[in-house]
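The block underneath contains the structure these notes are about, expressed in structure tokens.
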Amino acid sequence: MITTSSSLTEQSPLPCERGPLSSSVLAVLRGERDRADLGGLPDADPYGDDLQLALHCCYEPHYRGFAGVPNDCEWDPALLTARRELEQVFEHALRSDTVPGSDVAAEVDALLVEPVDARGVSHHLRRDGTLWQLREYVVHRSMYHLKEADPQAWVIPRLAGRAKAALVAVEYDEYGAGDADRMHSVLFARMMVELGLSDAYGAYLDSVPGATLAEVNFMSMCGLHRRLRGALIGQFAMVELTSSPGSDRLVRAMRRLGCGPDAIRFYDEHVEADAVHEQMIRHGVLAPLLAAEPQLASDVVFGIRASLLLGERLSDLLLDSWQDNTTSLRQAVDVG
Ligand SMILES: [Fe+2]
Ligand SMILES: [Fe+2]
């Protein structure tokens, strides 16, 4: 039985603007303008709050949509035009800030080696993180995990043969292997409730910074462009190949902090599941994909490196804030 409090068809409320770009996109969503004015785009921080929220607002209609916004805005030419302009700036920044490469095997090997310096949010939480820091981490992650596996589902029609079959097998697990109660998004929602957080879809959208939105926006961008299918596979591989040890550290953090079984279950499930998914992605998806389409190798590497870059930016933000004993969120969350 599903025990989370939120309706699984619940929509996100429209967020508050964060600058001229998001203000303009929100005006289109509200039906107040028939085109977005993105004149400030050349001066915008490609990873910043304003651009990333604007991009999030362009993508959300492809998922559950916003409460009070008509469903057909998903294909509103004004929104699609704005999305394209924002994506070009974001993608250009990511390509400029990552070193190009095409050796996928070397990239995968590097992902499988845990860094010795043990820096990172899961290391901190396992060692000596506090409950409020754990809650903040979960709030950041909720932007993805409450729609876990959805951005990667966009790539399915853009694949063929063995790579497609294996990717769908991984996605099947993410969606609970036929059991809605075991969908990873549902396990995550249940964890939020156990930790005293709201599991309502989009409840923390105004709380999370651009660095959090950028990680999910990257998945959405790669999923929605056939041209970027290699990068989407790289992004998915990065997650699946690194998730198991990080999930184990989060289980240990939760046990140390006395969290209940509903909180622990989400990461506990990923310790084992992602150890299996790692193999499925490497041998079932990457190998046949690159055998059939070797020209995708550089974009697979781009997807891995861009995801790592965005993950490091977010991790630095959390750890730097916590070191100063301040919140990593735009506004601290209330705990129920
Ligand atoms: Fe998962
Ligand atoms: Fe997985």
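Position 1 is the first residue of the sequence; numbering continues from there. Counting starts at 1 for both ligands and their atoms, in listed order.
Residue Val113 is found outside any hydrophobic cluster, as its side-chain heavy atoms come under 4.5 Å of no other Ile, Leu, Val, Met, Phe, Trp or Tyr.
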Derivation of the side chain to side chain contact (heavy atoms under 4.5 Å, CB included) call for Leu205 and Leu53: CA-CA 9 Å; Leu205 179 52; Leu53 180 66; 4.1 Å; yes
Candidate pair Arg35 and Thr81, rule side-chain hydrogen bond (donor to acceptor under 3.5 Å, both in side chains), full reasoning: CA-CA 8 Å; Arg35 61 178 290 274; Thr81 302; over 6 Å; no
Residue pair Asp49, Arg330: steps toward the side chain to side chain contact (heavy atoms under 4.5 Å, CB included) verdict: CA-CA 10 Å; Asp49 273 339; Arg330 290 165 51 81; 2.9 Å; yes
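Both tests pass for Arg64 against the ring of Tyr201: distance under 6.0 Å to the centre and angle within 45° of the axis.
Of all protein N, O or S atoms, those under 2.8 Å from the Fe ion (ligand 2) number 5.
Between His270 and Phe266, the ring center distance clears the sub-6.0 Å criterion.
The atom of Glu148 that is an N, O or S and sits closest to the Fe ion (ligand 1) is OE2.
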